[in-house]
Amino acid sequence: MNPIVIKTGPLRVNTVIVPLFGCDAFVVDPAACAFSKDENVIISRLEKEELNPVAIVLTHGHFDHVSGLPAMNKKYPSIPILIHKGDSGFVGPNSAETHDEHLYRMGFDEFLPSVTNLPPATSFLVDGKSLLDCMEGFASKLPEETKNALADWKIIHTPGHTEGGVCLLNRKEKILVSGDTLFYHSWGRTDLPGGNERELQKSLSAILYEIENDVRIFPGHDKCGFTKED
């Protein structure tokens, strides 16, 4: 399995398309939107690869990682949107209230309409559970092979960048999707509401202890596919 990475949205988020079985896949952190004039780039890539998304997974709720939800939800209205409960306020009909302070602090107020009235979460990511566990009620009609592939993805709650940040680990495939918890030789900022440097350092220590040296890491920005030895 080789994840497909597309840089999307105004801050060039690494949107990750993860193939599962056959044509099935899940999409992590869709950021493509009308503001950045790339609204359909994820959908076009899915269609080009002949992939059928079965879930949208959010590593956290920051504006640059969720702005592609409207376009994805319009195209694929029946697939679940998953986020940790700690970040659930970043999506749904009152999302603008949560994003407003973040965007104001960054001097990026003009982006607020892009994250106003976002579609709500339909399932929640729970620490220690698999993606299949978290998709209860949405996975019943999927092929057994797809269910098995979803079961290989473990949720790890990694607060610090945000309260509800998560990483996704697949030991079998040796892949970690780290969101903004861990970058190449760096980590996510903690100066926005909900950030906590001490918590992030604890999360980083736990992640680096959890993964083997040859696990490939796909962060929310910048370089992908590195290992903790690089």
- Message: Tell me if the centroids of the rings in H65 and H221 come within less than 6.0 Å of each other.
- Response: yes
- Flag, side chain of T98 to backbone of G89, donor-acceptor distance under 3.5 Å: yes
- Query: Shortest non-hydrogen contact from P53 to L46?
  - Reply: CG-CD1, 4.0 Å
- Exercise: do D214 and T227 side chains pair donor with acceptor under 3.5 Å: no
- Query: Do T181 and S203 have side-chain N/O donor and acceptor atoms under 3.5 Å apart?
  - Reply: no
- With ring centroids as reference points, do F108 and F35 lie under 6.0 angstrom apart? yes
- The residue among L150, V16, I56 that forms side-chain contact (heavy atoms from CB on, under 4.5 Å) with F26 is L150
- If you count the non-hydrogen atoms of other residues, nucleotides and ligands that lie under 6.0 Å from CD in E50, is the total more than 12? no
- Query: Of the non-hydrogen atoms in K228 and I217, which two are nearest, and what is the gap between them?
  - Reply: N-CD1, 4.1 Å
- Check the hydrophobic clustering (I, L, V, M, F, W, Y; side-chain heavy atoms under 4.5 Å; chains of links allowed) and say if F183 and F218 are grouped together. no
- Query: Would you call R171-E212 a salt bridge at under 4.0 Å N-O?
  - Reply: yes
- Taking only Lys NZ, Arg NE, NH1 and NH2, and the carboxylate oxygens of Asp or Glu, determine whether E136 and K129 approach each other closer than 4.0 Å. no
- Message: Quick check against the 3.5 Å criterion: does N14 have a side-chain atom that pairs as donor or acceptor with the backbone of P219?
- Response: yes
- How about K174: does its NZ atom have over 12 heavy atoms from other parts shown lying under 6.0 Å from it? no
- Message: Just verifying a value: how many Å separate S44 OG and I6 CD1, rounded to the nearest 0.5 Å?
- Response: 9.0 Å
- Message: Give me the atom names and distance for the closest heavy-atom approach of A31 to T15.
- Response: N-OG1, 3.6 Å
- Assess the side chains of T190 and N196: does a donor N or O sit below 3.5 Å from an acceptor N or O? no
- Determine whether the aromatic ring centres of H62 and F90 lie less than 6.0 Å apart. yes
- Just one of V91, V27, L82 clears the side-chain contact (heavy atoms from CB on, under 4.5 Å) bar with L58, so which one? V91
- Task: Indicate the atoms forming the closest heavy-atom contact of G128 with K154, along with that distance.
- Result: CA-CE, 4.3 Å
- Item | Separation between CZ of F111 and CG of D100, rounded to the nearest 0.5 Å | 13.5 Å
- Note on the structure: Between W153 and the options L132, V18, L169, the side-chain contact (heavy atoms from CB on, under 4.5 Å) test singles out V18
- Item | Salt bridge present between E197 and R189 (N-O < 4.0 angstrom) | no
- Item | Same cluster (ILVMFWY, side-chain, under 4.5 Å), L118 and V166 | no
- Does a donor on one side chain and an acceptor on the other come within less than 3.5 Å for D29 and T59? yes
- Message: Checking side-chain polar atoms at under 3.5 Å, does N170 have a donor or acceptor matched by the opposite partner on D152?
- Response: no
- Message: Determine whether a donor-acceptor pair (N or O, by modelled atom type, separation under 3.5 Å) exists between the side chain of R105 and the backbone of D191.
- Response: yes
